[in-house]
J.: 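Below you'll find the structure I mean.
Just so you know, these numbers come straight off a predicted model, no measurement behind them. Numbering of ligands and ligand atoms starts at 1, following listing order.
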Amino acid sequence: MPRAQVPVTGRSWAPGSLWPMCGIIGVTGSDDPLRFVLDGLALLEYRGYDSAGVVLVATAGEAEGLSGTGALWRRRSAVRGESIPALERFAGTDLVPGARTGIGHTRWATHGAPTEGNAHPHLDCTGRVAVVHNGIIENHRHLAAKLVAAGHVLRSETDTEVVAHLVEAEVTAGASLLEAVQRCVSEIRGDFGLVLASADEPEVLVATRQTSPLIVGRTSSLGLVASDISALLETTRELYALGDGEIAELRPGVIRVVDRAGTRVEPTRLRVGWGVRAAQREGFEDFMSKEIHEQPRALTDTILGRIHADGTTELEELGIKEIELAAISRVIVIACGSSYHAGLTGRVAIEAWAKLACTVEIASEFRYRNPIIEPGTLVLAISQSGETVDTFHALREAKRRGALTVVLTNVVDSLMTREADGVLYTRAGPEIGVASTKCHTAQILLLQVFALHLASLRRSLSTDEIAELAALVVAVPARVGDVVARFDEYRHTAEQLAFVDDVFFLGRGGGYAVALEGALKLKELAYVRAEGYPAGEMKHGPISLIDRDAVVVVVANRGSLSAKLLANVEEVRARGATVVALCDTDDPEVAGLADIVLEVPHTDETVAAAVLVVPLQVLAYGVARARGNDVDRPRNLAKVVTVE
Ligand code: M6R
């Protein structure tokens, strides 16, 4: 599979440094650039919602009467989660007649409080250059000191504003916006996606990036740029990934890309599979419930053509020679959050089926631990977004140390796909809710397909064994459909737990990762302290926390460790805990031990994780909704976690 390879730069990444995850949108050539920018911001809001702002570029004559900012019309708002609606009041008002160019930004605050003064876009001293930024300018203090000494007045606490002033100096000296950015960009250290507009060139936008992604696009009459493909899908499929260090000049209908030396380069065209409807709620109360319901489809699509009930697997798309894959001797999975939990489930299959040593590492720890990468090590990064900074840098580190690398992601052509030797795509469609649901279960299933693929290449199982397991994997989407059909029932059960404060999630074997995921979902959505624990480990300490106020959710599907798990359930019951059992339909033994039951149709334990996790998604959803929380945008979180 052809992919643009980004060279490993080996640049250092200081612990504690930040890579903000804001949303950027820009258009030139539009009859209503404000409408375009606001619609784009609404789609990008999941990347950050501390503040939002827009700039429209008025032509000189039309600039008259604009207060304060000369020919750039700027409005910003910093009402957390409500900034885009606040900007909507300007839509349709024709305050900037004739403007055809606009840029917008939705912010996840890092440098500087989430105030209106720190909201993007930022302007230079003259109010004639505007910039929006995703990333961090690491040397902003040094640049600010230089600029202030040269007479510039900086008005915000952000690292971003320096860019507007650097460009101002060049533009004032007669450079075009493109030339100015070209000259300034080498002074900037850090990771950034930048889009600039200038009052002097009302139909031009300039975009450049270093590590933080930017997508540019065009139609016959528009030039477009965004930090994320989802904001542009409705307008065009002619989209390109701007490369590291490249600079794009956008005019209506025209994209011109150069490198920092000014040499023309051909940007990489993106393959776009998703329709825009996939990024809309389609009648569901929120994206999370929509995405929970989409799981049977997402899983079916993910395994389509890749595994067959007779046991054959087809993963040529991976782009790694079978001979190389067959020769690996060890797998290290790196991931964060729900992707890490999917990795834990994948490990069970990789060990049991492919008979390969497999460890699963929290990506943020992996790269700082001086990890040993022996010859024959495959490092498998799992990331829904393909952008998570911890996983991205851990992947780079693994590659630098000589590992064969594969990324398993949901986002086509995302950052990590350009870094890894091979790529496996889940085909879950865009996941907008901050809590991962359909992408998590799709990751699990694709990992199981991958484990079977390795097993057949390594001949670690017989053909019959592989066929038997493949039949189980192929049946998972339908089993998930059966549990999704019980959404209302699980939600109703969750409402009984709406006011719990402390919850343990216990599991054993394959149920352990499910317990971890259930706890994470409850924490992030319902803001309830929740801990996922291996059931057998409780007696080594945590059981002292169990009393009549404790709620314990046990992943108690029928399986080889059932008897041992039930003994652990008895232990917590004996201490007065309320027991919520996730168990097979018609399992009177477990039901008899539980105060509350979440029933699931029986699924063979080897592939049960993707099925079992669904009721726990709904449990967290139901508790969060009952508490009045915003499930799509839980507090303090963002969908793409690009913060170390
Ligand atoms: O995009 P990634 O899969 O790399 O994201 C990793 C985690 O940030 C993510 O799974 C996070 O834990 C989710 N909010 C969980 O629902």
J.: Out of all atoms in ligand 1, which are within 4.0 Å of some heavy atom of Ser436? Include the element for each.
T.: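 What qualifies from ligand 1 is 15 (C), 16 (O).
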J.: May I ask you to check whether Gln443 has an N/O atom sitting below 3.5 Å from an N/O atom of ligand 1?
T.: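 Looking only at distances, the answer is no, because the N/O contact criterion of under 3.5 Å is not met.
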J.: Please say which of Glu294, Glu431, Glu291 ends up in a salt bridge (Lys or Arg N to Asp or Glu O under 4.0 Å) with Lys438.
T.: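 Single pass found, and it is Glu294.
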J.: So do Arg209 and Leu194 actually touch side chain to side chain, heavy atoms under 4.5 Å?
T.: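 No. Closest side-chain heavy atoms not under 4.5 Å.
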J.: Looking only at the side chains, is there a donor atom on one of Gln295 and Thr437 sitting less than 3.5 Å from an acceptor on the other?
T.: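 No donor-acceptor contact under 3.5 Å links the two side chains.
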J.: I want to check a possible cation-pi pair here: Arg491 against Tyr621, using under 6.0 Å from ring centre and within 45° of the ring axis as the test.
T.: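 Here Arg491 fails the 6.0 Å and 45° test against Tyr621.
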J.: Ligand 1 versus Glu524, non-hydrogen atoms closer than 4.0 Å: side chain, backbone, both, neither?
T.: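 Under 4.0 Å from ligand 1, Glu524 contributes side-chain atoms alone.
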J.: Which ligand 1 atoms, with their elements, are less than 4.0 angstrom from a heavy-atom of Ser339?
T.: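 Answer for ligand 1: 2 (P), 3 (O), 10 (O).
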J.: Measuring from atom 2 (P) of ligand 1, which candidate in Ile334, Thr388, Val389 has the nearest non-hydrogen atom?
T.: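 Ranked by closest heavy atom to atom 2 (P) of ligand 1, first place is Thr388.
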J.: Hey, is ligand 1 close enough to Thr391 that some N/O pair sits below 3.5 Å?
T.: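 N/O-N/O distance under 3.5 Å: no.
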J.: Does Val434, backbone or side chain, put an N or O under 3.5 Å from an N or O of ligand 1?
T.: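 For ligand 1, there is an N or O atom that lies under 3.5 Å from one belonging to Val434.
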J.: Before giving the answer on side chain to side chain contact (heavy atoms under 4.5 Å, CB included), spell out for Glu495 and Arg625 the whole-Å C-alpha distance, their side-chain angles and the decisive distance to 0.1 Å.
T.: CA-CA 9 Å; Glu495 283 157 7; Arg625 289 292 308 244; over 6 Å; no
J.: Would you please say whether a donor-acceptor pair under 3.5 Å links the side chains of Gln384 and Ser338?
T.: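 No - no donor-acceptor pair under 3.5 Å links their side chains.
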J.: Enumerate the atoms of ligand 1 whose separation from the nearest heavy atom of Lys521 is less than 4.0 angstrom.
T.: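 What qualifies from ligand 1 is 15 (C), 16 (O).
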J.: For Ser338, counting its heavy atoms only, list the atoms of ligand 1 lying under 4.0 Å from any of them.
T.: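 In order of number, 10 (O), 12 (O), 15 (C), 16 (O).
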J.: Could you check whether any heavy atom of Glu387 sits closer than 4.0 Å to an atom of ligand 1, since that is the contact criterion I want to use?
T.: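 Checking ligand 1 against Glu387, which is what was asked, there is no heavy-atom contact under 4.0 Å.
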J.: Salt bridge or not for Arg306 and Glu317, using N-O below 4.0 Å?
T.: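 The answer is yes: the pair qualifies as a salt bridge.
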